[in-house]
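Order of appearance sets the numbers: ligands from 1, and atoms from 1 within every ligand.
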Amino acid sequence: MKAACDRELEERFLRYARIDTQSDEASKTSPSTRKQYDLLNLLVKELKSIGARDVKLTDYGAVLATIPSTVKAHVPTIAFLAHVDTAPAFNGTGVKPIVHRKYAGGDIVLPDDANIVLSPEQFPYLAGKNGEDIITASGTTLLGADDKAGVAIAMTVARHLLENPDLPHGQIRIGFTPDEEIGRGVHANLPGDLRAEFAYTLDGAELGEVVYETFSADKATVHIEGVSIHPGQARDKLVNALHLAAKVIDTLPQATLTPETTADRQGFIHIYQMSGTAAAADLHFILRDFELEGLRDHGELLKQVCATLQATEPRASITCTITSQYRNMRYWLENDMRPVELAREACRQLGIEPISTPIRGGTDGSRLTEKNVPTPNLFTGMQNIHGPHEWISVQDMARAATVCIKLAELWSSAPHVAPSADQVDQRKAVDAAALVDWSG
Ligand SMILES: [Zn+2]
């Protein structure tokens with residue numbers, strides 16, 4: 001990978017970032033928004049033009065392609081994945097990416113809103129980027145480095161490998177998926193359609209990130225039915241659902257066990273939405289923990305709060321429904337750490353210190369790993385995602401691309417051993433443990 005790849009990465013990134021691909025949680029379709037096809041169709045075209053094989057757009061909006069193996073030995077097929085959608089959390093329409101060539105340090109003021117300033121004091125990672133080419137949005141939109149950076153890296157890696165068949169690697173699969181930001185990036189057919197033994201999502205942040213630990217996650221909905229009566233005749237009859245909703249929130253811990261009071265390996269119960277009338281109310285929570293036991297405890301606590309309130313007000317009806325979202329990928333990966341170890345080794349060989357801190361969130365890799373396609377997450381360089389301060393260094397993207405190429409090479413000489421019977425048993429044990437919790 002030479003400086004030419006920097007320019008390619010930059011050009012690809014700018015082209016993809018200008019395309020509005022926001023996903024929409026309220027939509028029932030897959031992909032959730034038609035506009036994601038604007039980028040998906042472009043990627044199909046570009047993959048064909050660089051000579052990728054089996055280029056396919058699935059009916060659920062994933063683009064898949066193959067880079068043929070260049071070695072004789074049978075080595076595991078690995079996949080590089082990125083998501084095309086951007087977060088609905090902030091304006092993603094009319095993105096105007098700006099390249100700040102050879103960043104000289106100091107504040108970067110964005111032209112469309114002078115209040116949006118990127119300062120190395122506030123964002124220390126920027127302080128290490130002097131001399132690099134920094135890309136920002138213009139102040140009124142997000143940038144969409146999450147995850148157009150991953151898309152640009154995967155495309156550049158694909159082009160580079162196809163043009164250099166002397167580089168040793170097994171079969172590589174490339175995948176671009178919609179709707180990651182709304183938690184629907186892994187369609188039921190994706191693990192099968194991917195046809196890869198291992199995968200990597202290019203959806204991480206700081207240089208060197210090789211993440212294989214994510215939260216385990218459940219969603220909880222509390223539905224409260226009160227007793228609705230005209231307020232003029234309400235004495236001793238009205239049971240106000242909104243008062244009961246307020247009690248649920250007030251009874252839950254607030255000085256602990258919330259996102260704003262926890263860090264590192266602590267989990268939480270987070271209310272993120274409530275709606276209702278005096279007659280009925282709904283409270284929406286997410287429950288997070290690194291361990292299944294902790295996750296179960298959070299669910300039990302919420303259920304207990306509801307049950308206690310129900311006992312004090314039998315005229316109301318209070319139900320608490322918990323559904324599974326995703327599970328910590330560590331449970332699967334620790335039985336076969338090759339995908340993690342090789343990614344770390346690729347970083348080290350390129351002089352990059354690998355970092356494997358657990359992330360307080362999930363990735364598409366969490367769901368894929370559960371479906372037996374172990375999928376750690378690799379860095380891209382993206383920073384301050386989902387808002388107007390988002391930025392990325394072109395050189396970080398280039399480092400990520402170089403790691404992917406090295407990784408493909410390392411896999412081509414990795415011993416192709418199927419997991420031992422022991423490990424398979426352990427995987428099944430994890431499956432069972434996770435599934436028990438699913439019904440919770
Ligand atoms: Zn992302």
Got a sec, which residues hit ring-ring contact (aromatic ring centres under 6.0 Å, His included) with F290, two or more places apart in sequence or on another chain?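 If we apply the ring-ring contact (aromatic ring centres under 6.0 Å, His included) test to F290, skipping adjacent residues, the hits are F215.
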Does atom NZ (K35) have a neighbourhood of more than 12 heavy atoms from anything else shown, all under 6.0 Å?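 Enclosed: over 12 neighbouring heavy atoms sit under 6.0 Å from NZ of K35.
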Flag if over 12 foreign heavy atoms under 6.0 Å of CD, Q349: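 Atom CD in Q349 is crowded, with more than 12 foreign heavy atoms closer than 6.0 Å.
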Under 3.5 Å donor-acceptor pairs involving side-chain atoms of residues 37-45, not counting sequence neighbours:
residue : atom : partner : partner atom : Å
N41     : ND2  : Y37     : O            : 3.2

Going by salt bridge (Lys or Arg N to Asp or Glu O under 4.0 Å), name the residues that satisfy it together with E345, two or more places apart in sequence or in a different chain.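 E345: salt bridge (Lys or Arg N to Asp or Glu O under 4.0 Å) contacts with R348.
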Donor-acceptor pair between K96 and T140 side chains, under 3.5 angstrom: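 Absent: no donor and acceptor within the cut-off.
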Tally every protein N/O/S atom whose distance to the Zn ion (ligand 1) is less than 2.8 Å; waters are neither shown nor counted.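 There are 4 of them.
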